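Have a look at the structure below before the remarks.
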Amino acid sequence: MQVIRTIEQVRQALRPARQAGRRVGLVPTMGALHEGHWSLVDRARQTCAEVAVSIFVNPLQFGTGEDIDSYPQTEEHDLTGCAEHGCAWVFAPSPQEMYPDQVLTSVTVRRLSTPLCGRTRTGHFQGVATVVCKLLNIVLPDVAFFGEKDYQQLVVIRRMVRDLNMPVEIVGCPTVREPDGLAVSSRNAYLDADQRSRAVSISAALREAVDAVKQGAHDARRLIADAEQRITRAGPVDIEYVEVVDLDTLEAVETIDRPARMCVAAKFGRARLIDNLPLYVGGGAQ
Ligand code: PAF
């Protein structure tokens, strides 16, 4: 496995693979890699001849009050894991390499960046879209992999790629969960034992909403109220939102008469957790 720090080197390193028509997959990350990331890498390995992981803590996507300096940095662990999971390349540039000058050009995916997490994380999705656009332009993968846990991010990136005709396939991969259902996240490390046991209420509430829809429930407002109650019942929590949204537009859905997604953001102590599940209609799976 090769660890590459510069844009020029990563372009050079991947050129032969591309020229030979070997399918290149990219898994963009901010490091602190965990089971969720490994599932993306494993998925990439199944369908790509060459897999690259990027590790870059992107300053553009951190807002005021979101401390980039305390974001976990575990490079040694990350590189060992990447090697174990069969990555050929790790692209781990410095902020100076990625942003040598003041950023004058950025990517805004309007409408999709403002609901849900966009309401409190102003500028976050512009930062994400901009860095992902840069990473895709630098690595030029055939396919890039993102987790469904960050569902809004996935929708924003898909739309960016479509609107800008970027020649890359975007693959969304299912959320990896702890045995009790909690979505795996680097932010889970901030939970103390009590918060950890209560945080499972998020996935439990989502699962209950899925079951309710399977049994014929279709009133989103009712489903949201039930989910909020389920999460609050577990003890102190700061619910940022529970919403049911359209899969593509992320607009609020009132009646579940088509596939929709329930999305939750809630804070347990300093850990801001997000999760979501698809709500299917018509007796479908999940
Ligand atoms: O999901 C993440 O880790 C980041 O938002 C991403 C996609 C790597 C962009 O910095």
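Each ligand, and each atom within it, is numbered from 1 in the order the structure gives. Every value quoted in this text rests on a predicted model; they were computed, and no experiment measured them.
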Quiz item: If we only count N/O pairs under 3.5 Å, is Asn58 in contact with ligand 1?
Solution: no
Self-check item: Set of side-chain contact (heavy atoms from CB on, under 4.5 Å) partners for Thr29, sequence neighbours left out
Solution: Val27, Leu33, His37, Val53, Ile55
Quiz item: Which atoms of ligand 1 have any heavy atom of Val131 under 4.0 Å away?
Solution: 9 (C), 10 (O)
Quiz item: Under 4.0 Å between a Lys/Arg side-chain N and an Asp/Glu carboxylate O for Arg258 and Asp246?
Solution: yes
Exercise. Mind listing the closest non-hydrogen atom pair of Arg158 and Ile170 along with its distance?
Key: NH1-O, 2.9 Å
Quiz prompt | Per-atom contacts of ligand 1 with Gln153, taking only distances under 4.0 Å to non-hydrogen atoms | solution = 1 (O), 2 (C), 4 (C), 5 (O), 7 (C)
Quiz prompt | Proximity of Leu135 to ligand 1 by residue part, where a heavy atom lies under 4.0 Å | solution = neither
Output a table of donor-acceptor pairs, distance under 3.5 Å, between side-chain atoms of residues 220-236 and any protein atom two or more places apart or on a different chain; print 'none' if there are none.
from: Arg230; atom 1: NE; to: Glu208; atom 2: OE2; distance (Å): 3.0
from: Thr232; atom 1: OG1; to: Glu228; atom 2: O; distance (Å): 2.5

Practice problem: Could you list which atoms of ligand 1 come closer than 4.0 Å to a heavy atom of Thr29? | Solution: 8 (C)
Exercise. Look at the aromatic rings of His77 and Trp38 and report parallel, tilted or perpendicular, splitting at 30° and 60°.
Key: tilted
Quiz item: Does an N or O anywhere in Gln61 fall below 3.5 Å from an N or O of ligand 1?
Solution: yes
